[in-house]
Amino acid sequence: MNESTLHGLRVVSLGSGIASAAAGLQLCEAGAEVILVEPPDNPARQEQALFAVLNRGKRSVILDINEPEGQQRLERLLTSADVFIHEFSPKVAGTLGLDDAQLVQRFPGLIVAAITGWPNKHPLAEAKAHETLVLARLGLLDEQPGHREGPVFVRMPFANWLASWLCVVAVMARLIARDRDGCGGSAHTSLAQAALVPMTMHWSRAQTPTPVFAKGLDKHIPIPLHQCADGRWIHVHYSPDKSPWMAGAMTELGEAEVARLNAQWPPSHVAPNFGANRAIIATRPAQDWVEHFWQHDVSAQIAAPFGHIYFDEQARLNGYVVEVDDATLGKTLQPGPAWKITPPARIGRSAPQPGADNGTGFETSPKQRLITDMARQGDPLPPLHGLKVLDLGAYLAGPFACMMLADLGAEVIKVEAPAGDAMRRLERIFSGTQRGKLGVALKLGDELSQPAVEALVRWADVVHHNMRLPAARKLKVDYDCLKLINPQLLYCHVSAYGPTGPRADWPGFDQLMQASCGWEVEQGGAGQPPMWLRFGVGDFFAGLSSLYVLLLGLYQRARTGEGQMVNASLLGATLLTMSEAVAREDGSVTPIAHLDATQTGLCDTHRLYVVVTAGSPWRRLRPKKRSVSTR
C-alpha cells in the first residue's frame, strides 16, 4: 500500500489562526485533501512566510460565509467532507448554522473540530481567541521569569501550537472511532486548554503533599544558560562536572573557590556546581564547549539566533527541514513534518494562490455516504476504547503521551524499574503525566523479568517510549525484538534529535531544543541574555506529535493489518514552531517580530502596559505609557 495514510479523506478548514492552519497542515501531510476556505482579501496572507508554511499542499476556495451564496457553497463542501475545522465561538457558530447540534443533523459522519479561545461552556467562550490575552487571564505571563520583576510577554505562541496538536489528536481519535461505529462528532479544543497543558509540570494540589510536592519547581531556580568567552550563550542540561575540561578546571580552582562561586547562586537541582560551572564556561568559546560536551555525553546546545537551525545537518537529514518552491517567496527552506511513518508524510507543494480551486466541483465520495448511512444512535464508547498500551517511557514526553491515550479511553500499563521512574523525584511533574494508568515494576533486560515482558508485549496493541534506542536494544525492548513477539505491534518512539543522523542517539531535553531553534534568544528580548521558557513546551510538542503519529499508525493498521515503528522527536516538533520564518535561497532568513528589551511586547498594539506610580521601576522603562489594558 503506497498511498498516504489519510488518502481519500477530505478536510474543510475555515480559519486563519496558527492552530487551525497547523492542524490542517498535519492532516494534509498525512495524505488528506485539505480545502482552505478563505474570505475575500484574506488577512492571513499578509504574514507571507507563516502562510506559506502552514498552507502548503492545500487547495483554496474563496467565499464569504456571511452571504447566502457563500453559505450554500460551504454547505456543499461539508457534504463531501470528513473533517471540518473552524474557529467560531459557540454563539457565532450557531448563528451561521455551524454549531454541533445543527451539523450532526445534516452530516452525521462529519467530525467537527473547533479551536476557540476558551472552552464552549466557559464564561469567556465568546471572547476573542488571542493567545496573549488568554495567557494573561490564566496567569501564565506571571509564571514566566524575566529580566525584571512582574509579568513578562511570552514570545513563542506555544498555546496555538499545542492547540493544533490537540486538534489533530482528537480528529484522529474520532476517525478511529468512526471506523467502529460510523459516527462523526465533535473534536474541540481551545487556546486556554492548550496553554494549561504544560502546567501539569507546575500547577497541582495534593490532599497530603510531601515537602517536595509542596515546593514544586521554584521559578527563580538558576537556569544553566552560561555565557562563553566569545559572548555566545550555551545551555547545559544536567551536571557537566565529569567532562574532562570542567573536572580539570574545578580541581585547579580548589574546593574553597568552587564553594565560593557556588554560594553566589541559589541551589540548582540540575547543576550542583552552578556557580563554578558558570565561571569556567566563561573561559572558552561556545563552539569549543559544545563540541567537548557532545564528545562526553553531556547535553548542551548553543543558544542560536532564530532561523539558524534551517542549516543544521541533523535537522536536514531527518526531514525536519524541507525545500519548498513557494509561488510567492521562491525557493525556501521550511519546517518539515515532525513525525515519521510508513507510507511517509507527503510534502506539500507551494501554498495555493487565492481561490485557485474556486471552479472545482467537490462531489461526495462513496465512502463518506456509506459512513453517513451506517451512523448509529446510542451512548458512544470512548474513542480509543479497547486499545491496549504499554508505556515504557520516563521523564515527560513519553509518559505524557500515554496519559493522553488513557484520557481517550485506552488501557495503559506503565512499566517502571523497581527503583521507579527517574522523574519521581520531581513529584509534581511525575504526577502530572501519569493519570489513568496501571503500574507494573519490572527490571527490563533481566532474564527473570523476560516472561512478564513478553506477556505484556503480546497483550499490547501499542508500545510507546522515549528512552534512547541503544538502551532499548540493550534491554531487549527495541522494535526488532518486540515485533518477533507481536508482529502487529505499533511501536512509537520519541527521540531527542530524530531517528537518523549523527545525533540520533544523543541525549536531549526541551531546554536544548528551545536553545537551538532560537526561542531562548527571542524570549530574552533585544540585547538581553537568552531565557528559557520554563513551561517545558518542547516535551509537550514531542509528546503530542508522537501521539498523532501513533494514531496515524493505528488508522493505517486497521486498513493493512500490519504493525510498524513510528517516530517523533523533540527537535522535529520544536522546529515546526519556527514557521514564522523561512530561509531563502540566498541563505537569508525572513524577518520576524522581536521581543523588546524590557520583555513587554512586540509593538504598540501587541504588548503589556502598566500603570506607572511613584517609585515604580517601570517609570524608567516606559514613562509615557499609562494604559492598563493588555493587548
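What you see is a predicted model, and the numbers here were worked out from it, not measured in a lab.
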Establish, from distance only, whether the side-chain atoms of Glu520 and His235 form a donor-acceptor pair under 3.5 Å.
yes
Trp519 and Phe306 aromatic ring geometry - parallel, tilted or perpendicular at 30°/60° bounds:
perpendicular
So, does Asp391 use its side chain to make a donor-acceptor pair with the main chain of Lys414 at under 3.5 Å?
no
Considering all heavy atoms, the nearest Tyr310-Pro335 contact
OH-CD, 3.1 Å
Over-ring placement of Arg232 relative to Trp289, 6.0 Å and 45° cut-offs:
no
Can any side-chain N or O of Gln314 pair as donor or acceptor with the backbone N or O of Thr500 at less than 3.5 Å?
yes
Indicate the atoms forming the closest heavy-atom contact of Pro151 with Leu608, along with that distance.
O-CD1, 3.7 Å
Does His237 use its side chain to pair, donor to acceptor, with the backbone of Gly508 at less than 3.5 Å?
no
When you look at Gln523 and Trp532, which way does the side-chain contact (heavy atoms from CB on, under 4.5 Å) test go after all the steps?
CA-CA 7 Å; Gln523 184 59 37; Trp532 173 57; over 6 Å; no
Within the side chain of Tyr497, is there an N or O that forms a donor-acceptor pair under 3.5 Å with the backbone of Asn318?
no
In plain terms, say whether Arg155 and Glu580 are close enough for a salt bridge, that is, a side-chain N and a carboxylate O under 4.0 Å apart.
yes
Can you tell me how far CG of Asp539 sits from CZ of Phe400, rounded to the nearest 0.5 angstrom?
10.5 Å
Is it true that Glu427 and Lys215 make a salt bridge, defined as a side-chain N closer than 4.0 Å to a carboxylate O?
no
For Leu317 and Gly501, work out which heavy atoms get closest and say how close.
CD1-CA, 3.8 Å
Does some side-chain heavy atom of Leu602 sit less than 4.5 Å from a side-chain heavy atom of Phe153?
yes
Where Cys492 and Leu550 come nearest, the two heavy atoms and their spacing:
CB-CD1, 3.9 Å
Between Trp203 and Glu143, is any side-chain donor less than 3.5 angstrom from a side-chain acceptor?
yes
When rounded to the nearest 0.5 angstrom, what is the spacing between CE in Met531 and CD in Gln514?
11.0 Å
Just so I know, are the side chains of Thr200 and Arg435 near enough to count as touching, which here means a heavy-atom distance under 4.5 Å?
no
Please tell me whether Tyr238 and Phe509 form a close aromatic pair, meaning their ring centres lie under 6.0 Å apart.
yes
Pair Arg503 + Glu313, salt bridge at N-O below 4.0 Å
no
Verify, without hydrogens or angle tests, whether Arg468 (side chain) and Asp505 (backbone) share a donor-acceptor contact under 3.5 angstrom.
yes
Is there a side-chain contact between Phe158 and Leu135 (heavy atoms, below 4.5 Å)?
yes
Under 4.5 Å between any side-chain heavy atoms of Thr5 and Pro343, yes or no?
yes
Drop me the distance from Cys228's SG to Ile302's CD1, to the nearest 0.5 angstrom.
7.0 Å
Rounded to the nearest 0.5 Å, how far apart are CG of Asn262 and CZ of Arg260?
10.0 Å
Decide if atom CD of Glu47 counts as having more than 12 heavy atoms of other residues, nucleotides or ligands within a radius under 6.0 Å.
no
Value rounded to 0.5 Å, distance of CZ in Phe430 from CZ in Arg424:
3.5 Å
Test your reading of the model: is there a side-chain donor-acceptor pair from Gln144 to the backbone of Arg534, 3.5 Å cut-off?
yes
Identified side chain to side chain contact (heavy atoms under 4.5 Å, CB included) counterpart of Met246 within the set Asp241, Thr251, Val298, Asn273
Asp241
Intermediate values then yes/no, side-chain contact (heavy atoms from CB on, under 4.5 Å), Leu576 and Phe541:
CA-CA 9 Å; Leu576 183 63; Phe541 293 148; over 6 Å; no
Quick one: closest heavy-atom pair of Ala568 and Ser545, and the distance?
CB-OG, 3.6 Å
Would you say the side chain of Pro399 lies within less than 4.5 Å of the side chain of Lys437, judging by non-hydrogen atoms?
yes
Measure the shortest side-chain to side-chain distance between Met403 and Gln434 over non-hydrogen atoms and say whether it is less than 4.5 angstrom.
no
Under 3.5 Å: donor-acceptor pair, side chain of Glu131, backbone of Asn160
yes
Show the nearest heavy-atom pair for residues Ala300 and Val290, with the distance to one decimal.
O-CG2, 3.7 Å
Tyr479 side chain to His493 main-chain N or O, any donor-acceptor pair under 3.5 Å?
no
Verdict with reasoning, Leu166 to Met404, per side-chain contact (heavy atoms from CB on, under 4.5 Å)
CA-CA 10 Å; Leu166 291 174; Met404 295 293 288; 3.8 Å; yes
Under 3.5 Å: donor-acceptor pair, side chain of Arg428, backbone of His202
yes
Report yes if some heavy atom in the side chain of Glu257 is under 4.5 Å from a heavy atom in the side chain of Leu261; otherwise report no.
yes
Heavy-atom side-chain proximity of Lys476 to Leu444 below 4.5 angstrom
no
So, taking the atom named NZ in Lys340 and the one named OG in Ser495, what distance separates them when rounded to the nearest 0.5 Å?
9.5 Å
Check whether any side-chain N or O of Thr590 sits under 3.5 Å from a backbone N or O of Val582 as a donor-acceptor pair, and report yes or no.
yes
Under a 3.5 Å cutoff, is there a donor and acceptor pairing between the side chains of Gln287 and Glu291?
yes
Between Gln564 and Leu490, does a side-chain contact (heavy atoms from CB on, under 4.5 Å) hold up when you go through it step by step?
CA-CA 5 Å; Gln564 63 168 300; Leu490 191 69; 3.8 Å; yes
